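Quick caveat: nothing in here was measured; it's all calculated off a predicted structure.
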Amino acid sequence: MKQERIEFGELSYAPCRYGASRMLFRGPRRRLDRPYIAFVGGTETYGKFIEKPFPVLVEKAMRQTCVNFGCVNGGIDVFVNDRAVMEICREADMTVVQIMGANHLSNRFYSVHPRRNDRFLKASTVLQAIYQDVDFSDFSFTRHMLGELHAKSLERFDTVVHELREAWVARMRNLLSQIGPRVILLWFSEEELSDAHWSERKNQLQADPLFITASMVDELRPMVKDVVVANPSEASLARGTEGMFFPPSQEAAASEMLGAACHVDASAVIVPSLREQLYAI
């Protein structure tokens with residue numbers, strides 16, 4: 001990936017690399033020769049448009065180095081195939097893994113870009129057989145593609161959702177087995193962690209993390225130390241883009257993200273779990 005320096009106003013992401021990883025992560029680069037906590041996740045962990053995302057807030061509260069491996073629009077595939085990041089996480093005192101959507105991973109029906117997991121690459125012959133009435137060359141992003149499949153047939157779409165969920169659980173087991181048992185799973189979302197059908201959620205196909213249920217997360221509990229649920233308060237959600245940094249052209253995108261106040265809420269529930277688990281080690 002071509003290195004970029006990304007700045008919006010006073011906000012700089014200071015892109016950096018760790019070890020042999022090909023990925024650029026948010027900096028400044030943290031030292032790994034002293035005890036540290038690793039954070040793995042998508043756009044929220046990275047903290048796009050956020051000056052102090054929750055890994056930074058946790059670092060201040062814990063007074064311990066926190067390494068941010070968040071990836072904008074990233075899914076499980078970004079990390080599970082990155083040996084360098086997996087090794088660094090395995091050596092961490094604890095790794096906080098943000099629960100990411102089931103739409104952002106390659107599966108039996110379609111493949112995604114290996115690093116930008118929101119990008120749709122191609123449909124398998126199986127999916128093309130199920131949806132013979134769809135031209136998959138029209139799609140560049142997974143959510144757009146899934147929206148069209150949903151509009152074509154609810155019955156066929158349920159088959160796709162079932163496959164994505166099975167692939168997600170299997171990929172998460174792979175990820176967690178590589179990192180080891182010192183893991184805290186983080187649900188950071190406006191949505192409740194529940195078994196409600198995805199169509200019953202108020203945001204439906206726009207919900208994040210998409211298609212993940214409480215039962216799916218429960219399957220992973222034996223492999224981790226804790227599961228932390230961070231649902232921002234109504235007051236924090238109401239503050240919208242307050243405290244965020246973005247160019248005018250990105251205002252609409254920023255308004256759909258969890259804002260700076262929501263990151264404060266997340267850190268407030270992550271820190272007690274970290275303290276409990278690190279103390280118990």
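- Residues K225 and R182 come closest through the heavy atom pair CG-CA, 4.2 Å.
- Distance check: I212 CD1 to W187 CH2 gives 7.0 Å after rounding to the nearest 0.5 Å.
- The NZ atom of K122 sits 13.5 Å away from the CZ atom of F136 when rounded to the nearest 0.5 Å.
- With D195 contributing its side chain and S215 its backbone, the two residues share a donor-acceptor pair below 3.5 Å.
- Between R119 and S140 the shortest side-chain heavy-atom distance does not fall below 4.5 Å.
- With hydrogens and angles disregarded, a donor-acceptor distance shorter than 3.5 Å links the side chain of N117 to the backbone of G75.
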Trace of the side-chain contact (heavy atoms from CB on, under 4.5 Å) decision for Y110 with V126 | CA-CA 9 Å; Y110 64 83; V126 177; over 6 Å; no
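- In this model, no donor atom of one side chain and acceptor atom of the other lie less than 3.5 Å apart for T142 and D118.
- Counting heavy-atom neighbours within 6.0 Å of H197 NE2, excluding the residue itself, gives a total above 12.
- Separating the CD atom in Q277 from the CG atom in D93 is a distance of 12.5 Å, to the nearest 0.5 Å.
- Between L237 and C262, the shortest heavy-atom distance links the atoms CD2-SG, 3.8 Å.
- When each of L149, T125, L127 is tested with F109 by the rule side-chain contact (heavy atoms from CB on, under 4.5 Å), just one qualifies, namely L127.
- Y13 and V56 fall into different hydrophobic clusters, where Ile, Leu, Val, Met, Phe, Trp and Tyr residues are linked whenever their side-chain heavy atoms come under 4.5 Å apart, directly or through other members.
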Ring pair (Phe, Tyr, Trp, His ring centres under 6.0 Å) assessment of Y46 paired with F69 = CA-CA 7 Å; Y46 183 90; F69 290 119; over 10 Å; no
Please step through side-chain contact (heavy atoms from CB on, under 4.5 Å) for the pair V112 and F120, ending with a clear verdict.
-> CA-CA 5 Å; V112 301; F120 170 79; 5.9 Å; no
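- The two residues L274 and M62 have their closest heavy-atom pair at CB-CE, 3.9 Å.
- When the shell of 6.0 Å around CD of Q128 is examined, it contains more than 12 heavy atoms from other residues, nucleotides or ligands.
- In this structure, the side chain of Q178 does not engage the main chain of L175 through any donor-acceptor pair within 3.5 Å.
- The minimum heavy-atom distance linking F54 with E44 is given by the pair CE2-O, 3.7 Å.
- Not a single donor-acceptor pair under 3.5 Å links the side chain of T241 to the backbone N or O of M244.
- Residues N231 and E190 bring no donor and acceptor atom of their side chains to less than 3.5 Å of each other.
- Taking OG of S255 as the start and CD of Q250 as the end, the distance is 10.5 Å to the nearest 0.5 Å.
- Under the 4.5 Å side-chain criterion, counting only non-hydrogen atoms from C-beta, L164 is in contact with L146.
- Under the 30°/60° scheme for interplanar angles, the aromatic rings of F25 and F79 are found to lie parallel.
- Put simply, the side chain of H150 reaches to within 4.5 Å of the side chain of L205, judged on heavy atoms.
- The side-chain heavy atoms of L176 and L220, taken from C-beta on, include a pair separated by under 4.5 Å.
- Within 6.0 Å of CZ on R83 lie no more than 12 heavy atoms contributed by other residues, nucleotides or ligands.
- Here the side chain of Y36 pairs no donor or acceptor atom with the backbone of M94 at under 3.5 angstrom.
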Step-by-step side-chain contact (heavy atoms from CB on, under 4.5 Å) determination, I99 to L186 = CA-CA 6 Å; I99 295 171; L186 170 66; 5.9 Å; no
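- Counting only heavy atoms from C-beta outward, the side chains of I37 and L278 approach each other to under 4.5 Å.
- The main-chain N or O of F211 is found under 3.5 Å from a side-chain atom of R165 such that the two form a donor-acceptor pair.
- The backbone N or O of F246 lies less than 3.5 Å from no partner atom in the side chain of E251, so there is not a single donor-acceptor pair.
- Between V97 and I184 there is no side-chain heavy-atom pair separated by less than 4.5 Å.
- Distance OG1/T213 to CG/L193: 8.0 Å, rounded to 0.5 Å.
- Contact check on D208 versus R143 returns a salt bridge, with a Lys/Arg side-chain nitrogen under 4.0 Å from an Asp/Glu carboxylate oxygen.
- Using a 4.5 Å cut-off on side-chain heavy atoms (C-beta onward), K152 and V134 make contact.
- The line from CG of D82 to CD of E87 is 10.5 Å long, rounded to the nearest 0.5 Å.
- Remark: the backbone N or O of N174 is paired with a side-chain donor or acceptor of S177 at under 3.5 angstrom.
- By the 4.5 Å heavy-atom criterion applied to side chains, P28 and R30 are counted as neighbours.
- For the pair R156 and Y131, the cation-pi criterion (under 6.0 Å, within 45° of the ring axis) is fulfilled.
- Note on F141: it does not cluster hydrophobically with M257, by side-chain heavy-atom contacts below 4.5 Å among ILVMFWY residues.
- Put simply, the side chain of N68 never gets that close to the backbone of F39: no donor and acceptor are under 3.5 Å apart.
- Shortest non-hydrogen contact noted between R108 and S124 is O-OG, 2.9 Å.
- Formation of a donor-acceptor pair under 3.5 Å by the R171 side chain with backbone atoms of D77 is not found in this model.
- In summary, R173 and E219 engage in a salt bridge, as defined by a charged side-chain N under 4.0 Å from a carboxylate O.
- Aromatic pair H263/F188: centroids less than 6.0 angstrom apart.
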Residues T95, R90; criterion side-chain contact (heavy atoms from CB on, under 4.5 Å); working and verdict = CA-CA 8 Å; T95 299; R90 193 160 52 246; over 6 Å; no
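- Hydrophobic cluster of V264: the remaining members, joined at side-chain heavy-atom separations below 4.5 Å, are L57, listed by chain and number.
- Among all heavy-atom pairs drawn from T65 and P35, the shortest one is CB-O, 3.8 Å.
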